[in-house]
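Protein chains get the first letters and strands the later ones, always in sequence-line order, with residue 1 at the start of each. Side chains included, hydrogens not; waters and symmetry mates left out as well; all remaining heavy atoms used.
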Protein chains: 2
Amino acid sequence: MTMPPAANQPDRRSRKRLATRRTISAVADRLFFERGFDNVTVDEIAAAADVGRMTVFNHFARKEDMFFDRDEEGRESLRDALRQRDPSVPPVEALRLLAHQLVREQAPYLEFSARSESFIETVKGSETLKARARAIRGELETLVAGALAECVGRDLNDPDAHLAAGLLLASWTVAFIQAHRTFHETRDSDKATALFLALIDKGAIGATAAMAGTPYA
Amino acid sequence: MTMPPAANQPDRRSRKRLATRRTISAVADRLFFERGFDNVTVDEIAAAADVGRMTVFNHFARKEDMFFDRDEEGRESLRDALRQRDPSVPPVEALRLLAHQLVREQAPYLEFSARSESFIETVKGSETLKARARAIRGELETLVAGALAECVGRDLNDPDAHLAAGLLLASWTVAFIQAHRTFHETRDSDKATALFLALIDKGAIGATAAMAGTPYA
DNA sequence: TCAATAAATGTACTCAGTACAAAATTATAT
DNA sequence: ATATAATTTTGTACTGAGTACATTTATTGA
């Protein structure tokens with residue numbers, strides 16, 4: 001049985017900070033799911049979490065950041081997949097394999113179930129959240145482009161790297177949305193998973209063909 | 001010499017409305033280019049255009065709409081290219097040809113010159129404008145997906161249509177950005193044009209490969 | 001216990017966008 | 001022409017996110 005760290009341990013500060021952050025996030029998420037993102041004000045969140053309004057913005061620069069708080073994991077997955085890949089497998093193929101692996105291990109929001117369904121529905125119900133989702137996609141695209149270029153020792157601005165990243169992110173996004181739509185309509189999680197992987201694979205075929213003659217495929 | 005239409009013509013109303021709209025748009029654009037989108041308030045625009053603040057929002061639902069006011073033309077080009085295509089040329093190829101044609105006829109922002117450069121720079125300087133650009137891209141993607149599905153008589157939700165649209169829009173976006181970046185760095189408009197078309201063609205190869213076995217290619 | 005540091009909070013502000021009503025303008029029918 | 005209807009313009013007052021800055025409160029290390 002693990003004891004809680006002694007109260008006088010030098011980082012009670014960090015622990016308290018993390019605790020209030022998590023409280024705010026949890027309270028906010030509950031309200032967002034219950035009533036829709038745009039129908040919840042930051043004042044309400046602060047009140048419900050029993051903190052000052054400024055404390056909310058102290059922990060989350062944007063209201064949307066209380067909702068999307070796992071995108072860092074996605075970034076790491078993408079970086080790792082490209083950095084730690086077997087050099088004999090082309091970068092584009094490495095990302096295809098990553099998609100398959102993430103589905104296998106039921107990564108967050110890649111399990112097609114009621115759980116992630118409410119997440120998706122909440123996003124679909126808010127222009128603000130959709131805008132933030134598009135922005136995150138853009139950040140991931142830049143990250144992938146950079147990682148691809150680094151992989152093969154090219155310049156960060158290499159147009160081919162950006163094209164490959166653009167095509168891959170497009171595949172992932174379409175696969176994600178279409179699979180969730182399919183689950184929403186049929187409630188068949190196997191069917192959704194199959195569609196997701198089929199679209200990922202078609203996209204990878206496309207990206208590979210587009211990258212013929214480059215080191216990316 | 002053309003005379004102005006008689007003042008008592010029944011649609012002076014529409015003409016006046018259009019006139020104030022154009023005044024607002026012109027004044028706003030000048031301010032945006034001069035000082036950056038985010039450094040200009042709607043109040044300033046209203047004052048500079050000598051209209052009430054509400055009039056601005058009467059004509060433009062969002063501040064960004066004063067800047068992006070030509071996206072309807074793009075929509076029409078895309079629709080027409082797919083509707084009026086020779087049935088022997090596959091939809092994906094029809095869109096590739098459209099890109100080449102638009103560059104040939106120096107469509108707005110597909111001429112790589114100082115003119116469009118300031119446009120791009122203004123967008124790059126504003127998170128708000130970048131967000132709106134991403135949203136417009138999303139709308140175009142939905143439009144292309146629908147037009148593609150219609151083309152071949154499939155359902156509007158056909159996942160293949162969405163994948164094709166996603167891949168194509170990704171190519172167009174990357175081509176657009178990389179070509180403008182190249183012009184910005186080299187001031188060589190021929191080089192920018194060549195890069196734009198090369199990326200469009202690579203993207204089309206990718207989309208065609210991804211769509212193998214479907215009616216879209 | 002005291003001084004330094006960092007977190008939480010309060011106050012007051014800016015700005016985009018909305019709701020609603022009133023005023024001004026233009027069109028239409030008699 | 002003139003009354004009336006329709007539309008555009010405008011003003012007022014509001015909401016809500018986000019920021020600047022100062023202050024208080026809690027934690028840390030000496």
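- In this structure, CE of A:Met54 is placed 14 Å from C1' of D:dT24, rounded to the nearest angstrom.
- As rounded to whole Å, 13 Å separates atom C1' of D:dA26 from atom CZ of A:Arg15.
- Closest-nucleotide positions on DNA chain C for B:Lys16 and A:Arg17 were compared, and the one nearer the 5' end corresponds to A:Arg17.
- The side chain of A:His59 contributes no N or O atom lying less than 4.0 Å from OP1 or OP2 of C:dA7.
- Here the nucleotide nearest the side chain of B:Arg13, chosen from D:dT9, C:dA27, D:dG18, is C:dA27.
- At the phosphate of C:dA8, OP1 or OP2 sits under 4.0 Å from a side-chain N or O atom of A:Thr20.
- Here A:Arg62 lies in heavy-atom contact (under 4.0 Å) with sugar-phosphate atoms only.
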Could you walk me through whether B:Arg104 and B:Gln101 pass the side-chain hydrogen bond (donor to acceptor under 3.5 Å, both in side chains) check? CA-CA 5 Å; B:Arg104 263 197 314 275; B:Gln101 184 199 325; 5.3 Å; no
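- Side-chain N/O atoms of A:His162 and A:Asn157 include no donor and acceptor closer than 3.5 Å.
- In terms of modelled atom types and a separation under 3.5 Å, the side chain of A:His180 and the main chain of A:Ala175 share no donor-acceptor contact.
- Using a 4.0 Å heavy-atom distance criterion, A:Glu64 is classed as a sugar-phosphate-only contact.
- Residue-to-nucleotide contacts include a donor-acceptor pair under 3.5 Å from the side chain of B:Arg53 to the base of C:dG17.
- Between A:Tyr109 and A:Phe176, the distance separating the two ring centers is not shorter than 6.0 angstrom.
- Residue contacts for A:Thr55: at a heavy-atom cut-off of 4.0 Å it reaches a base atom on one of the strands shown.
- Heavy atoms of A:Val56 sit nowhere under 4.0 angstrom from any nucleic acid atom.
- With hydrogens and angles ignored, no donor-acceptor pair under 3.5 angstrom links the side chain of A:Arg12 to the base of D:dA26.
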